[in-house]
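Notes for the one structure printed next.
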Amino acid sequence: MYQLRGVIKQYQRGRERIDALAGIDLTIGDGDRLVIQGPTGGGKSTLLQMLGGLDRPTAGSVELDGTDLAKLPEARLTKVRAESIGFVFQSFNLIPTLTAQENVETALVPLGLKVAERRERAAEALKSVGLGERLTHLPSEMSGGQQQRVAIARALVKNPKVLLADEPTGNLDESMRDEIMDVLETQWKEHGLTFIMVTHDSAIARKAPRLATIRKGQIKITENEKAK
Ligand SMILES: Nc1ncnc2c1ncn2[C@@H]1O[C@H](COP(=O)(O)OP(=O)(O)OP(=O)(O)O)[C@@H](O)[C@H]1O
Ligand SMILES: [Mg+2]
C-alpha cells in the first residue's frame, strides 16, 4: 500500500522555483487501479517519479508498505525499483540492438537469475502479452503497439507489486490504444497489481473507478461508483 503525506517537489531553474507538487496526500491500496489525468505541466509525471522512487520529494513522505522511499538509501531504493516496481512510458525505451526476448530479460538481470530461467520467464511474459511468435524480432521489426507490448512484458516479467504507466498509449493510434489498454487491464487483473496510470485519454478517465486530477501540483480524487 502507498501512503503519501505532504509530498512537495520543487525544481529550481536559475532563480525561478517551480512547485511541481504542492502538498500531495494520497492513499493507494494493494491491487487498486488509479487513473491520473490533468493539464500539461500539472505534475503527473513528477508524482509517478515519486511513486516509483525515481526521484525524491523536496518534503513529505512516500511510504510503500511502511517504508519511506523518500528516505531510503540509494542502494535499497534501487533494489525496491528492481524488484517491486514496473514502469511503462509513452516512449517504449527498448534497446534497438536487442531482440524482444533480450529486452525483456534485461529486467531480470538485477535479480540475479540464471540465464536459462531469465530466457524462460521472458518468453512466458512475451506470450502473455500476445507476442509468443515475436521473441527474436528486433524493435525495428515490430509495430508501435508490439513494441509497447514488449515494454509491458519487460515491466511485468519480474512480477512487481506495482505497475506505473505514464501515458502508455500516447504514441499509438486509436486501434492500438484499445489493444494496449486491454493488455494492461488483463495484466492488472491476472497479477493482482497495484496499477497507476497517467492518461490524457478522456474516454479512459471517464471509465475509471478512481480518478485523480492533478492541477498545479495539487490532487483531487473522484470516485466513480458506477465504474466499480
Ligand atoms: N527536471 C525538471 N526541472 C525543472 N522543472 C521540471 C522538471 N521536471 C518537471 N518540471 C516542471 O514541473 C512541472 C510539472 O511537470 P510534469 O512533467 O510533472 O507535468 P505533467 O503533468 O506530467 O505534464 P505533461 O502532461 O505535459 O506530461 C512543470 O512545470 C515542469 O516544467
Ligand atoms: Mg508528463
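One-based numbering, in listed order, for ligands and for the atoms of each. Since we're looking at a predicted model, the values are computed, not measured.
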- Task: Kindly confirm whether the Mg ion (ligand 2) is within less than 2.8 Å of some N/O/S atom in Ser45?
- Result: yes
- Query: Under a 4.0 Å heavy-atom limit, does Thr40 contact ligand 1 with its side chain, its backbone, both, or neither?
  - Reply: both
- Note on the structure: Numbered in order shown, the ligand 1 atoms found under 4.0 Å of a heavy atom of Arg13 are 4 (C)
- Query: Applying the side chain to side chain contact (heavy atoms under 4.5 Å, CB included) test to Ile204, which of Asp178, Leu211, Thr199 qualifies?
  - Reply: Thr199
- Between Asp166 and Ser45, does any side-chain donor sit less than 3.5 Å from a side-chain acceptor? yes
- Message: For atom 6 (C) of ligand 1, what is the closest protein heavy atom, and at what distance to 0.1 Å?
- Response: Tyr11 CD1, 3.2 Å
- Query: Considering distance alone, does some N or O of Gly43 sit under 3.5 Å from an N or O of ligand 1?
  - Reply: yes
- Message: Are any of the N/O atoms on Lys44, whether in the backbone or the side chain, positioned under 3.5 angstrom from an N/O atom of ligand 1?
- Response: yes
- Task: Report, in ascending order of atom number, the atoms of ligand 1 lying under 4.0 Å from any heavy atom of Thr46.
- Result: 14 (C), 15 (O), 16 (P), 18 (O)
- Note on the structure: Closest heavy-atom pair, Ser84 versus Pro160, reported as atoms and distance to 0.1 Å, is O-CB, 3.3 Å
- Message: Yes or no, since that's all I need: does a protein heavy atom fall within a distance strictly under 4.0 Å of atom 18 (O) of ligand 1?
- Response: yes
- Salt bridge present between Lys127 and Glu124 (N-O < 4.0 angstrom): yes
- Task: Check the pair Thr99, Leu135 against side-chain contact (heavy atoms from CB on, under 4.5 Å), reporting the backbone distance first and the verdict last.
- Result: CA-CA 7 Å; Thr99 65; Leu135 302 185; over 6 Å; no
- From atom 9 (C) of ligand 1, is the closest protein heavy-atom distance below 4.0 Å? yes
- Task: Any chance you could lay out the salt bridge (Lys or Arg N to Asp or Glu O under 4.0 Å) test for Asp19 and Lys9, step after step, and finish with the verdict?
- Result: CA-CA 6 Å; Asp19 295 315; Lys9 180 66 181 178; over 6 Å; no
- Query: With a cut-off of 4.0 Å, which atoms of ligand 1 are near a heavy atom of His200?
  - Reply: 25 (O)
- Any donor-acceptor N/O pair, Asp68 side chain to Ser61 backbone, under 3.5 Å: no
- Query: Do Ser175 and Asp173 have side-chain N/O donor and acceptor atoms under 3.5 Å apart?
  - Reply: yes
- Message: Please list, in number order, the atoms of ligand 1 under 4.0 Å from a heavy atom of Glu167.
- Response: 25 (O), 27 (O)
- Task: Could you check atom 12 (O) of ligand 1 against the protein and tell me its nearest heavy-atom contact, residue, atom and distance included?
- Result: Ala20 CB, 3.5 Å
- Check whether any heavy atom of Lys9 sits under 4.0 Å from an atom of ligand 1. no
- Note on the structure: For atom 23 (O) of ligand 1, the closest protein heavy atom turns out to be Gly41 N, 2.8 Å
- Message: Show, in sequence, the C-alpha distance, side-chain angles and deciding distance for Thr67 and Glu63, and conclude whether the side-chain contact (heavy atoms from CB on, under 4.5 Å) test is met.
- Response: CA-CA 5 Å; Thr67 302; Glu63 281 183 16; over 6 Å; no
- Task: Could you tell me whether a side-chain N or O of Arg56 sits under 3.5 Å from a main-chain N or O of Leu72, the two making a donor and an acceptor?
- Result: yes
- Query: Does Gln12 come within less than 4.0 Å of ligand 1, judged by its heavy atoms?
  - Reply: no
- Query: N/O to N/O below 3.5 Å, does that happen between Gly38 and ligand 1?
  - Reply: no
- Message: So for ligand 1, is Ile18 a polar contact partner (N or O within less than 3.5 Å, distance only)?
- Response: no
- Message: Exactly one of Glu167, Met181, Arg33 should register a side chain to side chain contact (heavy atoms under 4.5 Å, CB included) with Met197. Which one does?
- Response: Met181
